[in-house]
Amino acid sequence: MKVEKLEHSRCKVVFEVTPEEFEAALDKAFEKCNAKVTIKGFRAGKAPRSVYEKNYGVESLYDEALNVVLNAKAQEIYADQDLAKEIVGPFEPDFESDEKLERGKAFKVSLSFDVYPEVNLPQYKGVECKAANLVVTDADVDQTIKQMMAKDASMQVKENQVIEAGDTANFDFVGSVDGVEFPGGKAENYELEIGSGQFIPGFEDQMIGMKAEEVKDIHVTFPENYGEKSLAGKPAVFKVTIHEVKHKIYPDLTDEYVKEQKLTDIETVEAWRASKKAELEASRAKSEKDRQVDEIINKILDNAVVDMPKALEEERINQIRGQYEQQAKMYNIPFETFLGLMNITKEKFDEDTEKQGKRQALFNVVVSKIIEVENLTPSKEDLEAKAEEDAKAHNSTKEAMLRNNAQRYYSDIAYERVIDLLLSTAVMDGKEAPKKTTATKSSAAKTTKSTTEKKTTSKATTTAKASTAKKTTTKKSVKTEE
């Protein structure tokens, strides 16, 4: 069996089918096809071959006979165990002979299929990365506490009636494109918190500094992915008339106010501020770590050399699309309506999904290669230790947790080890990072994640997909750069 290597990690095997092989396939095809028809004078499936062929012709067996042949040839491919474990995606059959298929004559068929790609890793140790900014200022703490106090704030009309960020304005507006008003672009006595980001980018910023009774033309451009296609990407002018400006009046921050909040173990302003600062520091540490991981991984992916097979890319694209389609079903609304609620067109969604899916497929194989090269594969003992830890937390048994979660444990442990390696060897703003870093899942792993296990060979057919997994691949999403 000669395997021809094609581009995009694809292979092709051509087989010559002898007249004897095809005749044997016709026999099997007859057994299957005859069982599906009823011929006068015979019970279903009991008509002799000669009677069947007289009624339907031998050519009616050709398609099924070809399936028999192709499945047999697929089994020959799977007999090569080294090749079989690399196959991803379905087989694609083709008739290779120039002449028409004819009983009693040899002919050629082929099976094409994607294989797991070769991965040429770039430098992944010592990748430069912006150092973490872990400083939490008093102003950060003040802002957080102020946001929590907003529920007790009251709205009052401002004395100077001049709009600042955070104020609420009551105003009229009329929008037009090319001098023509458009549906939905007009309102009276509309109330908006300036800086809330509810309007088109740039709209609210231009309202800052306006005052009551002032009239102003605000110039903006609708986003390219705006839900209303007739307005997407177009410049617009909104005539805005301010009526009134209000701002929030917050209660005094005192120990008495803090006690009224009934916070656990917190009864003073000082204790509340200390607690909020600790929370912000923990949150900042995590978000900065996520940012660093995304920065490092994107640099690695940008420089990795991988001839990706379409099967792995399409698998990830379909998974992402399926997640959104499932959400639409949960809300019992058409998919395109669901996308409209997210202010995105079907075309833009397909474009973004394809880009994201391809990037995540590349991420999977690159991370898998790092795990292989660095020997970061979790051991049986690692999985059992994780299962035992979870069993205690969930009042279960180690065996039950391992049975239900082994794949996830494998993925999580392997991924965390990769992140440990990347962060511990990274160069932060020209300086080497600390040698030891405790791994946490970054935003590179925010959506679907599952471990792909080592492939197992199932019965081959020309339509059934082979496993698209390879031993240590982790399916985690990566936040890619635009």
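Both backbone and side-chain heavy atoms feed into the values below; hydrogens, waters and symmetry mates do not.
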Main-chain N/O of [Y] paired with [X] side-chain donor or acceptor, under 3.5 Å:
| X | Y | answer |
| --- | --- | --- |
| Ser283 | Glu279 | no |
| Asn71 | Asn67 | yes |
| Glu388 | Lys398 | no |
| Glu267 | Val258 | no |
| Asn298 | Asp294 | yes |
| Asn303 | Lys299 | yes |
| Arg316 | Glu354 | no |
| Ser396 | Lys392 | no |
| Asp80 | Leu83 | yes |
| Gln261 | Tyr257 | yes |

Pair Tyr78, Phe91 - check ring-ring contact (aromatic ring centres under 6.0 Å, His included), show working. CA-CA 11 Å; Tyr78 272 121; Phe91 287 108; 5.7 Å; yes
State, to 0.1 Å, how close [X] and [Y] come at their nearest heavy-atom pair, and which atoms those are.
| X | Y | answer |
| --- | --- | --- |
| Lys130 | Gln292 | O-NE2, 3.3 Å |
| Ile300 | Gln123 | CG1-O, 4.2 Å |
| Glu16 | Lys73 | O-NZ, 4.3 Å |
| Val135 | Arg284 | O-NH1, 2.7 Å |
| Asn34 | Ala47 | ND2-O, 3.1 Å |
| Ala391 | Thr397 | CB-C, 3.6 Å |

State plainly whether the residues [X] and [Y] are in salt-bridge range, i.e. N to O under 4.0 Å.
| X | Y | result |
| --- | --- | --- |
| Arg291 | Glu288 | yes |
| Lys5 | Asp307 | no |
| Glu64 | Lys32 | yes |
| Asp412 | Arg408 | yes |
| Asp352 | Lys348 | yes |
| Lys355 | Asp350 | no |

4.5 Å side-chain heavy-atom contact, [X] and [Y]:
| X | Y | answer |
| --- | --- | --- |
| Val13 | Glu76 | no |
| Lys85 | Asp82 | yes |
| Ile77 | Phe15 | yes |
| Tyr250 | Lys146 | yes |
| Trp272 | Asp255 | no |
| Glu351 | Lys346 | no |
| Tyr124 | Glu374 | yes |
| Leu26 | Arg49 | yes |

Return the [atom1] to [atom2] distance between [X] and [Y], rounded to the nearest 0.5 Å.
| X | Y | atom1 | atom2 | answer |
| --- | --- | --- | --- | --- |
| Ser97 | Lys108 | OG | NZ | 7.0 Å |
| Ile297 | Asp302 | CD1 | CG | 12.0 Å |
| Glu313 | Leu362 | CD | CG | 8.5 Å |
| Leu61 | Arg103 | CG | CZ | 8.0 Å |
| Asn364 | Glu315 | CG | CD | 8.5 Å |
| Leu192 | Gln198 | CG | CD | 5.5 Å |

Check this for me: [X], atom [atom1], are more than 12 non-hydrogen atoms of other residues, nucleotides or ligands nearer than 6.0 Å?
| X | atom1 | value |
| --- | --- | --- |
| Glu118 | CD | no |
| Gln147 | CD | yes |
| Glu23 | CD | yes |
| Asp98 | CG | no |
| Gln81 | CD | no |

Start with the C-alpha distance between Tyr410 and Thr377, add both sets of side-chain angles, then the distance that settles side chain to side chain contact (heavy atoms under 4.5 Å, CB included), and finish with yes or no. CA-CA 8 Å; Tyr410 186 100; Thr377 304; 3.1 Å; yes
Asn120: side-chain hydrogen bond (donor to acceptor under 3.5 Å, both in side chains) partners, not counting sequence neighbours: none
What pairs with Lys12 under side-chain hydrogen bond (donor to acceptor under 3.5 Å, both in side chains), at least two apart in sequence or on another chain?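 Testing Lys12 for side-chain hydrogen bond (donor to acceptor under 3.5 Å, both in side chains), a comparison that skips the adjacent residues, returns Glu96.
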Could you check Glu270 against Thr268 for side-chain hydrogen bond (donor to acceptor under 3.5 Å, both in side chains), going step by step and ending with a plain yes or no? CA-CA 5 Å; Glu270 183 180 357; Thr268 66; 5.3 Å; no
Please lay out, stage by stage, how Phe335 and Tyr324 fare under the test ring-ring contact (aromatic ring centres under 6.0 Å, His included). CA-CA 8 Å; Phe335 185 54; Tyr324 285 95; 7.5 Å; no
Using a distance-only test with no angle check, is there a side-chain donor-acceptor pair under 3.5 angstrom linking Asp140 and Thr137?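 Yes - a donor-acceptor pair under 3.5 Å links their side chains.
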Take Phe349 and Phe338 through the ring-ring contact (aromatic ring centres under 6.0 Å, His included) test and state the conclusion after the steps. CA-CA 11 Å; Phe349 172 81; Phe338 178 73; 8.7 Å; no
Salt bridge (charged side-chain N to carboxylate O under 4.0 Å, His left out) evaluation trace for Asp382 with Lys386: CA-CA 6 Å; Asp382 294 327; Lys386 180 62 176 174; over 6 Å; no
Given Ile87 and Asp114, is the side chain to side chain contact (heavy atoms under 4.5 Å, CB included) satisfied, shown in steps? CA-CA 6 Å; Ile87 297 173; Asp114 287 346; over 6 Å; no
The test is side chain to side chain contact (heavy atoms under 4.5 Å, CB included); show your working for Arg10 and Val115 and say whether it passes. CA-CA 6 Å; Arg10 193 164 177 81; Val115 294; over 6 Å; no
Quick check on side chain to side chain contact (heavy atoms under 4.5 Å, CB included): which of Asp265, Leu263, Thr264, Ile266 does Ser275 satisfy it with?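 So the option named by the test is Ile266.
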